[in-house]
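Naming convention: chains lettered A, B, ... in sequence-line order (proteins, then strands); numbering from 1 in each chain. Computed from heavy atoms alone, side chains included, the values below leave out hydrogens, waters and symmetry copies. Only a predicted model underlies this, so the values are computations on that prediction, with no experimental measurement involved.
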Amino acid sequence: MAAYKSELIQTLTSRGFLHQCTDLEGLDTKASQGTITAYVGYDATADSLHIGNLVSIMMLHWLQQTGHRPITLMGGGTTKIGDPSGRDETRVLVDDATINTRIASQKRGFSRFLKYGDGPCDAIIANNAEWLDQLQYIPFLRTIGPHFTINRMLTMDSVRLRLEREQPLSFLEFNYMILQGYDFVELTKRFGCTLQLGGSDQWGNIVQGVELGRRIAQTELFGFTCPLITTSSGAKMGKSVQGAVWLNADRFTPYDYYQFWRNTEDGDVVRFLKLFTTLPLDEIARLEKLTGNEINDAKKVLALETTRLLHGEAAAQDAAETARKTFEQGGIGDDLPTVEMTSADFGAGIPAWSLLQKAGLAETNSEARRLIRGGGAKLNDQKLDDENLNVQTSAAVNGMIKLSAGKKRHAIIKIS
RNA sequence: GGAGGGGUGGCCGAGCGGUCAAUGGCAGCAGACUGUAAAUCUGCCGACUUAUGUCUACGAAGGUUCGAAUCCUUCCCCCUCCA
């Protein structure tokens, strides 16, 4: 492996973060000479960060670990425009209040991975609404406008692909890349930021910022992107039973998060260990040698480490323990989703399908019925054959009824 | 402003007076096979205490008809082209 001068670039490349860089050698040199300030922008498209954001967060994590200063830029301003990159449709416009709520909620996600504060390497949080909201149209156009040509903008993937597919691209969205470029320059001014990180889909926007910096501030800026993470079967990362994989525990429990990683495809395990855990590379190399059935051990490590990073040691251990009890012993783990009910709720008994719905294993009663009919439902590990089976409190073992939908989804009804 | 083309279930996309809860594909769920993997095969995939039943649904509101996603009217929204 080609050695790099800086620990930063060495780490990022060896762990598989590099996709493209505007000037890798230059950046390497600069990083070896002193502290670099770098940022990643996050638009407030939801009230929690999700797993798609995780790669870039990990990049910031390593940035900080190798002695540099990360900035998390919240897109309070740019969210009002909507990034057209990688989308065929205009994003739904959201109001200020929603954006601010989302930003506040997202912030919690970062603190697990980055240390914020006032020290030289402490992370900074910024919000581009601070400067974008104040912009005056004419002065802005006159300072920034001359540096962007429509010719160039039309060749950007985000624009070109829309046009080729004959999907509409509004003027509003068309401006997004300009604002992102401006963000970069503004962060340079305010914090001496010289590097922007992002996913490969951000390459175009990032390059615009780098060029803008050179033109109006005569500053050399760098762009660095990581690969868009897909599973080896080509699917986008982050889809799960419940939809997106969220980082906030109230939207996606530590147990679910653990299970998400536990179910990683074989071909992805090593890549994910490098990207999403902080395990040393030689340790990962050891896990890489596992084959066949043994790969499951590597998956457990992956699940434990990722969950530990996000939710902490205790939550990770609990999740692992629950998974072990549930899958390896067919028992009941403490972290399984639990619904509390009273014996009064049961009355003379509740039909099996209704119980499945109440436990959250089926969204509707019809779905619960179908699940039972399809032979996928279990009550206390016994296959349910009769969807109308009247379940009474006597079915409980130690005050608990275990319900399962398929092999992987389990829930507990606790009766008091 | 003018001309043309559209709006169908989570998405794509057929249907163009009854046989339409609506073909097909994707996504999703379950079963089989496995290793809590992938691939493959099979079933399910609007809701309702499951009923040869009811209700909701093909942009919105009216109308024609025994009967409309399909025809007519008005309205809303989107796209393409011309200027």
query: If you check the A/E265 side chain, which of B/A37, B/G35, B/C29 turns out closest?
result: B/A37
- request: Name the closest nucleotide to the A/R370 side chain, picking from B/A37, B/U36, B/G46.
  value: B/G46
- prompt: Do any side-chain nitrogens or oxygens of A/R373 fall under 4.0 Å of OP1 or OP2 in B/C29?
  reply: no
- request: Could you tell me the separation between the NE2 atom of A/H410 and the P atom of B/A30, rounded to a whole number of Å?
  value: 10 Å
- line: Between A/L371 and A/I295, whichever has its closest RNA chain B nucleotide further toward 5' is A/L371
Between B/A38 and B/A47 - C1' atom distance, rounded Å: 35 Å
- prompt: What is the distance, rounded to the nearest whole Å, between atom CG of A/L302 and atom C1' of B/A37?
  reply: 13 Å
- request: Tell me what A/S366 touches on the nucleic acid: a base, only sugar-phosphate, or nothing, going by heavy atoms under 4.0 Å.
  value: base
query: Expressed in whole Å, how much space separates the C1' atoms belonging to B/U34 and B/C45?
result: 25 Å
- request: Just call it for A/E294: base, sugar-phosphate, or nothing, with non-hydrogen atoms closer than 4.0 Å on any strand.
  value: nothing
query: For A/D385 and B/A30, what is the distance between atoms CG and C1' respectively, to the nearest whole Å?
result: 15 Å
query: With both distances under 3.5 Å as the test, what is the Watson-Crick or G-U wobble partner of B/G1?
result: B/C82
field: Member of A/D386, A/T364, A/N388 meeting the side-chain hydrogen bond (donor to acceptor under 3.5 Å, both in side chains) criterion with A/W353
entry: A/N388
- request: Give the rounded distance in Å between these two atoms: CG of A/D268 and P of B/U36.
  value: 18 Å
message: For a quick test of reading the model, state the closest non-hydrogen atom pair linking A/T277 to A/I284 and the distance between them.
response: OG1-CD1, 4.4 Å
- request: Name the nucleic acid region contacted by A/R262, choosing base, sugar-phosphate or nothing; use a 4.0 angstrom heavy-atom cut-off, strictly under.
  value: base
query: Nearest-Å distance, CD (A/E367) to C1' (B/G43)?
result: 15 Å
message: So A/G267, base contact, sugar-phosphate only, or nothing? Heavy-atom distance under 4.0 Å.
response: nothing
query: For B/C11, what is the paired nucleotide under Watson-Crick or G-U wobble rules, both distances under 3.5 Å?
result: B/G25
message: Any side-chain N or O of A/K408 below 4.0 angstrom from OP1/OP2 of B/A37?
response: yes
task: Using the C1' atom as the reference point in each nucleotide, state the distance between B/A51 and B/G13 in Å, no decimals.
output: 32 Å
task: Figure out the NZ/C1' separation between A/K358 and B/U49, and round it to whole Å.
output: 11 Å
query: Is there a donor on the side chain of A/K300 or the base of B/U36 sitting less than 3.5 Å from an acceptor on the other?
result: no
task: Report the nucleotide, chosen from B/A37, B/U49, B/C29, that has the shortest atom-to-atom distance to any side-chain atom of A/R369.
output: B/U49
field: Side chain of A/D266 - closest among B/C45, B/A37, B/U49
entry: B/A37
task: Could you check which of B/U49, B/G35, B/U36 has an atom nearest any side-chain atom of A/F327?
output: B/U36
Whole angstrom value for the distance that separates C1' of B/U36 from CG of A/L336: 13 Å
task: Select one nucleotide: of B/G35, B/A30, B/U36, the one nearest the side-chain heavy atoms of A/N263.
output: B/U36
- prompt: If you measure from the P atom in B/G28 to the same atom in B/A37, how many Å do you get, rounded?
  reply: 14 Å
task: Please work out if A/T326 contacts a base, only the sugar-phosphate, or nothing of the nucleic acid, heavy-atom cut-off 4.0 Å.
output: nothing
task: Just do the salt bridge (Lys or Arg N to Asp or Glu O under 4.0 Å) check on A/R324 and A/E321 with the steps written out, would you?
output: CA-CA 5 Å; A/R324 202 181 59 77; A/E321 180 59 16; 3.1 Å; yes
field: Opposite nucleotide pairing with B/U64, Watson-Crick or G-U, both atom distances under 3.5 Å
entry: none
- request: Answer yes if the ring centres of A/H147 and A/Y182 are under 6.0 angstrom apart, and no otherwise.
  value: no
- request: Give one of base, sugar-phosphate or nothing for A/N365, where a contact means two heavy atoms less than 4.0 Å apart.
  value: sugar-phosphate
- prompt: Starting at CZ of A/F272 and ending at P of B/A38, how long is that distance when rounded to a whole Å?
  reply: 12 Å
Euclidean distance for P, B/U70 against B/U19 (whole angstrom): 13 Å
field: Residue pair A/I99 / A/K80, side-chain heavy-atom distance below 4.5 Å
entry: yes
task: Determine which nucleotide pairs with B/U54, using a 3.5 Å limit on both distances of a Watson-Crick or G-U wobble pair.
output: B/A47
- line: Separation between CG (A/L114) and CD1 (A/I124), nearest 0.5 Å, reads 11.5 Å
field: OP1 or OP2 of B/U36 under 4.0 Å from side-chain N/O of A/R324
entry: no
query: Would you say A/K299 and A/I295 make side-chain contact, with heavy atoms under 4.5 Å?
result: yes
task: For nucleotides B/A22 and B/G46, find the distance between their P atoms and express it as a whole number of Å.
output: 9 Å
query: If you look at every strand shown and take non-hydrogen atoms under 4.0 Å, does A/A323 touch a base, only sugar-phosphate, or nothing?
result: base
- request: Could you tell me the separation between the CG atom of A/N128 and the CG atom of A/L187, rounded to the nearest 0.5 Å?
  value: 8.0 Å
P gap between B/A68 and B/A14, integer Å: 25 Å
Short side-chain N/O contact to B/A47 OP1/OP2 from A/T364, under 4.0 Å: yes
statement: Between A/E387 and A/N296, the residue closer to the 5' end of RNA chain B by nearest nucleotide is A/N296
query: Any idea which of B/A47, B/U34, B/G35 is nearest the A/K407 side chain?
result: B/U34
message: Taking only the C1' atom of each, what is the distance from B/C77 to B/G17 in whole angstrom?
response: 27 Å
- request: Could you tell me whether the side chains of A/Q202 and A/N205 share a donor-acceptor contact shorter than 3.5 Å?
  value: yes
